[in-house]
Amino acid sequence: MLTDAEKAAIRDHYRAIADNLPGFRSRPAQRQMLAAIANAFSRSKEAVEEGDLPERAGESIVVVEGPTGVGKSLAYLLAGGIMARARNKKLTVSSATVALQEQLVNRDLPFVVEKSGLPLTFALAKGRSRYLCPYRLYQLTSENAQADMLGFDPGLAVWDKKPEEAEILQLREMADSFQHRQWNGDRDTLPANVEDALWMRVTNDRHGCLKSACPNRPECPFYLAREVLETVDVIVTNHDLLLADIAMGGGVILPAPDSSFYCIDEAHHLAKKAISQFAAEHSLSQAMFWLEKVATTAAKVEALTAKHELADQAIEAAGAAMETLTEWMWLLGAEPALAASSDNLEPTWLIEDGRLPEHLKLPSANLALSARMVFKHLSGLSDALAEKRKGPDAAQSDKLASDLGFLLGRAEQMMAVWDLFEKEPDENAPPIAKWIIRRSEGKGDYLFCASPVSAAASLASTLWRRAAGALLTSATLRSLGEFDLLLSQTGLKWLPEVSCQALDSPFDFQSQGELYLPPLNASPKDPGAHTREIVEWLPRLVDLSHAVGSLVLFSSRRQMMEVAESLPEPYQEALQVQGMLPKARLLEAHHQRLAAGQSSIIFGLDSFAEGLDLPGEACVHVIIAKLPFAMPDDPVGKTLARWIEKRGGNPFIELTIPEASVKLVQAVGRLIRTEHDYGRVTILDNRLTRQRYGKKLLASLPPFKRI
């Protein structure tokens, strides 16, 4: 339960904001959110004995839907920060987008500290791959390494082709700017753009890192950033890094779950992010490339460490893996589903229900075993090399450790793919989607892919049952008025004491906005007729004589471009079409037209239906071309849909409509951003009035005045 001291701290710091900010108005919904978070975190259970996790049933987890205007970030930073300090926890704030992370670090947290008087320290956490590895960079820019690269030494594990002179020059420039402290080693602060392929050579992963033995450890950007994280109260991160840390066991980069209070903003993205995190893929040709280097690298390690048996086993396992991959290449070459009539096509073979045909089960099991053995024996060689670093051959050992780390990272990736390929879940458990793509750019090359179709079980076991407490929040979390979809997809449905709360909006939708459903004849199921009717309706809906903004949202790029090209010339002049300009420049052009007394119309796709903030007259009309139904056309979606059907369910009713409800509410939410905004939402999809599910979708929208 909340202590009197905690209640007083929340009350006093919240009052301080009102005292220090003229015009600040306490909002009932914001106070409700503050209380919900504080009460949930106060129910956090502590381990009776060190190392033992308490039984958790979600009592310290709260789900809060906080509409735009509630002030969610202030509520969770204040309540979460106070509770974390009082209970000796770290507050980890996670978002799905870079924009929100930057807002939290650059605006929201400084605001809370300044106005409330709460002395929070904070830092932004990034993954290891965002940071330079100085050791690798110095190795690649030494005189010997430069000569090797120009002559292309195939023994260099991190290069799969001869480096270009421009790449070598860029490496030198990076090394020079880092040595002279003109650059801090963070990729996001690098003045010049670096291609992903080149950056991969100078960053590092946990396998290639020399850790405490690294001669450049004192200047390592990653470890310097980690040291900062250990000293601050609040860590701002993203869903990808949070999930990656959890997948590694937790507490590797971020604080351990049992010592963390989590505030997960933009929580409606978490489930899909988690599925992507637990997925794996690798290409056949790239695997053959690095497997060929195992023998050379293992032999060099053997010469230093005298680990003859380990080296032989690593070479033997790599050979077995290459042999089985060759077998796969021949088997897939005869697979009709991967035949292609054109070199430009990349046909995909989706393994039905994730269950391999009989003739592929043994090759799959063999490759899974070989991948595990390669990883195991390379890990053994890495450990032996770590011991050798303590002797006189440290420099040579370090160079080998970097190459060995590269191979270990690839082996782990390959092992993850084939562990998933080999696995067949129980009949009642969600399947694992497995698919193979024939690559068009490489003759005889294939991409092996596998992914769970649900991350619910993994999230429940690795995060929710371990976390000291958690808040999940977003402006849109309910689907069709219920939290069921979110709870199911995130695994929270298995924790019976999780609490959910939907806050009221501070906006008066009845007086601020209206909803219009024009009497269209064409159904979106007839794309051509629907597009023609949109072209006819838009000039009636948008008046160019007023200097106001309109936002037209499409689910199809093709339809968006066809409509843009078919509009009368005055409307084309007012258009800002997504993809024609970078987003920042597009919005700048939109505001410039409005400032010049001209009307402006933005055409956008799904990504503009969320997170786009156009308050006031920058957007007084949101027009939605059609309902945002996302039919399962990807391998993961198709596998999940088929599993639902085989269990007697209806994927359209259970998934498509609920997910469309969330997206529709987000799209409609672009209209009213402040208490002074006004305007209209128009939806050009007659299924809202003709189909039974249309009533449910309409009922989930804000209570606009219907016209």
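Every heavy atom of this structure was used, including side-chain atoms; hydrogens, water molecules and symmetry mates were not.
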For [Y], is there any backbone N or O sitting under 3.5 Å from a side-chain donor or acceptor partner on [X]?
X: Lys90; Y: Ala256; result: no
X: Glu281; Y: Val417; result: no
X: Arg466; Y: Asp258; result: no
X: Thr348; Y: Ile437; result: no
X: Trp199; Y: Ser129; result: yes
X: Thr462; Y: Ser458; result: yes
X: Glu266; Y: Ala96; result: yes

Salt bridge or not between Asp240 and Lys273? Use side-chain N to carboxylate O under 4.0 Å.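 So Asp240 pairs with Lys273 through a salt bridge.
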
Hey, is Asp419 close enough to Arg372 for a salt bridge, meaning N to O under 4.0 Å?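 Salt bridge present between Asp419 and Arg372.
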
Which heavy-atom pair separates Leu254 from Asp245 by the least distance, and what is that distance?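 Distance-wise, the nearest heavy atoms are N-OD1, 3.3 Å.
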
Taking all atoms of both residues into account, what is the closest heavy-atom pair of His282 and Met414, and its distance?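 Looks like NE2-CG, 3.8 Å.
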
Let me have the donor-acceptor pairs involving side chains of residues 377-384, under 3.5 Å, with sequence neighbours excluded, atom names and distances please.
{"unit_1": "His377", "atom_1": "ND1", "unit_2": "Gln313", "atom_2": "OE1", "d": "3.4"}
{"unit_1": "Ser379", "atom_1": "OG", "unit_2": "Phe375", "atom_2": "O", "d": "2.7"}

Roughly how far, to the nearest 0.5 Å, is CG of Leu284 from CZ of Arg438?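 It is 13.0 Å, given to the nearest 0.5 Å.
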
